[in-house]
2 protein chains.
Amino acid sequence: MKPIYIDIIGDLKKSNIRPSIQRIAILKYLKINQSHPTADQIYTHLQQQVPTISKSTIYNTLDLFAESGLIRTLSLEGNEMRYDIITEPHGHFICDQCRTIFNFSLTLDSIKSDELKDFKIIDKTIYYKGICAKCLLV
Amino acid sequence: MKPIYIDIIGDLKKSNIRPSIQRIAILKYLKINQSHPTADQIYTHLQQQVPTISKSTIYNTLDLFAESGLIRTLSLEGNEMRYDIITEPHGHFICDQCRTIFNFSLTLDSIKSDELKDFKIIDKTIYYKGICAKCLLV
DNA sequence: TTTCATTTTAGTAATCGTTACAAATACAAA
DNA sequence: TTTGTATTTGTAACGATTACTAAAATGAAA
Ligand SMILES: [Mn+2]
Ligand SMILES: [Mn+2]
Ligand SMILES: [Zn+2]
Ligand SMILES: [Zn+2]
């Protein structure tokens, strides 16, 4: 179990983002619960700590973080956007039963296609769907 | 240029789907314009041929086709779902400028991860974002 | 052909995630 | 303090999709 060292305010300042109560709470939540949450999940959880927080602030802040490269956005299903604190390239596995989103490492270079040789690739998204190990046991 | 042989009614019957005017029109559109259209794009185009067609029918039919495996749904961007007549596994490249969605072939086996060895993988999605060759020239 | 049950379609309202906007609040420099 | 700017909040609006119901089409039986 790798410990997570957290310097929320430092990270925000490094990205030239003023560390407001709300921004600290949202980034902290993302760092501690590395669970690809939706905006609504973040909102619901933070209402206990910051009762006045609004949905607008959640969206504004997540957009700001994404633009600054602090987080990544995931559009894995049709409906809700998900937010990932891990910005290094990695794949995702979504369990059709428990809906959990797992990370998995991958060597992106292995997926090559000479059909795209004249294309400028900026970003790669890889995700699988299926049944996770835990759900397979039931 | 590989010719496209089309037997819309036959394909529908093979999937046990009754070939109504609307269903034929939608499947025909998808087969001829292999362009990953949105539901709205299909709707707009078909209004000329089948003026009474409704959005509900577009959605119902696309859902039916997807469940029957006649088409695949793509959720590449946050907002609109896209529909793909090509059901064989392949990757997608979305140009950030012209928004065109390109297909590219890939050998999915190359993306392996032993972290998922106990997971049942049902479906894989791979897509890239960037700038296409044409837009790079401008 | 008529009848009748079933399937399919159309139209509209409702839902849900997200965005836009304007007013209120917090912050920081002068 | 005063003043300007950044941030937050709350609400309205938006857009894609879904839910629902009535109407129309279909197809089999009588
Ligand atoms: Mn992740
Ligand atoms: Mn495709
Ligand atoms: Zn599971
Ligand atoms: Zn392009």
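Residue numbering restarts at 1 for every chain, and letters A, B, ... go by the order of the sequence lines. In this text the structure is predicted, and so the values were computed from the model without any measurement. Just the heavy atoms: all of them, side chains too, but no hydrogens, waters or symmetry mates, feed the values below.
Comparing B:Asn79 and B:Ser56 along DNA chain D, the residue whose closest nucleotide (by nearest heavy atom) sits nearer the 5' end is B:Asn79. Projected onto DNA chain C by closest heavy-atom contact, A:Asp40 and A:Asn60 fall at different nucleotides, the more 5' of which corresponds to A:Asp40. Looking at which nucleotide of DNA chain D each of B:Ile21 and B:Ala39 is closest to, the 5′-most match is held by B:Ala39.
Note: CD1 (A:Ile24) to P (D:dT7) measures 13 Å, nearest angstrom. Across the protein-nucleic acid pair, A:Lys55 atom NZ and C:dC16 atom C1' stand 9 Å apart, rounded to whole Å. Between A:Leu64 atom CG and D:dT7 atom P there is a gap of 8 Å when expressed in whole angstrom units. In this entry the distance linking CZ of A:Arg82 with P of C:dG17 reads 11 Å, nearest Å.
Contact check, B:Gln22 against C:dA10: a side-chain N or O comes under 4.0 Å of OP1 or OP2. Taking side-chain N and O atoms only, B:Tyr59 has a distance below 4.0 Å to OP1 or OP2 of D:dT17. In terms of phosphate contacts, A:Thr57 brings no side-chain nitrogen or oxygen within less than 4.0 Å of OP1 or OP2 of D:dT8. One finds a side-chain N or O of B:Ser20 lying less than 4.0 angstrom from the OP1 or OP2 phosphate oxygen of C:dT9. Under 4.0 angstrom from either OP1 or OP2 of C:dT9 there lies at least one side-chain N or O belonging to B:Arg23.
In the set D:dT9, C:dA28, C:dT7, the nucleotide with an atom closest to the side chain of A:Arg18 is C:dA28.
Between B:Asp7 and B:Lys13 there is no salt bridge, since none of the side-chain N atoms of the basic residue sits less than 4.0 Å from a carboxylate O of the acidic one.
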**Prompt:** Does the side-chain contact (heavy atoms from CB on, under 4.5 Å) test come out yes or no for A:Ile121 and B:Ile131, once each step is laid out?
**Reply:** CA-CA 7 Å; A:Ile121 297 168; B:Ile131 314 288; over 6 Å; no

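Aromatic ring pairs are classed by plane angle as parallel below 30°, tilted from 30° to 60° and perpendicular above 60°; the pair A:Tyr127 and B:Tyr127 is perpendicular.
Legend: residues meeting ring pair (Phe, Tyr, Trp, His ring centres under 6.0 Å) with A:Phe102, ordered by chain and number and at least two apart, are B:Phe119.
A:Thr52 comes within contact range of the sugar-phosphate backbone alone, with a heavy-atom separation under 4.0 Å but no base atom that close.
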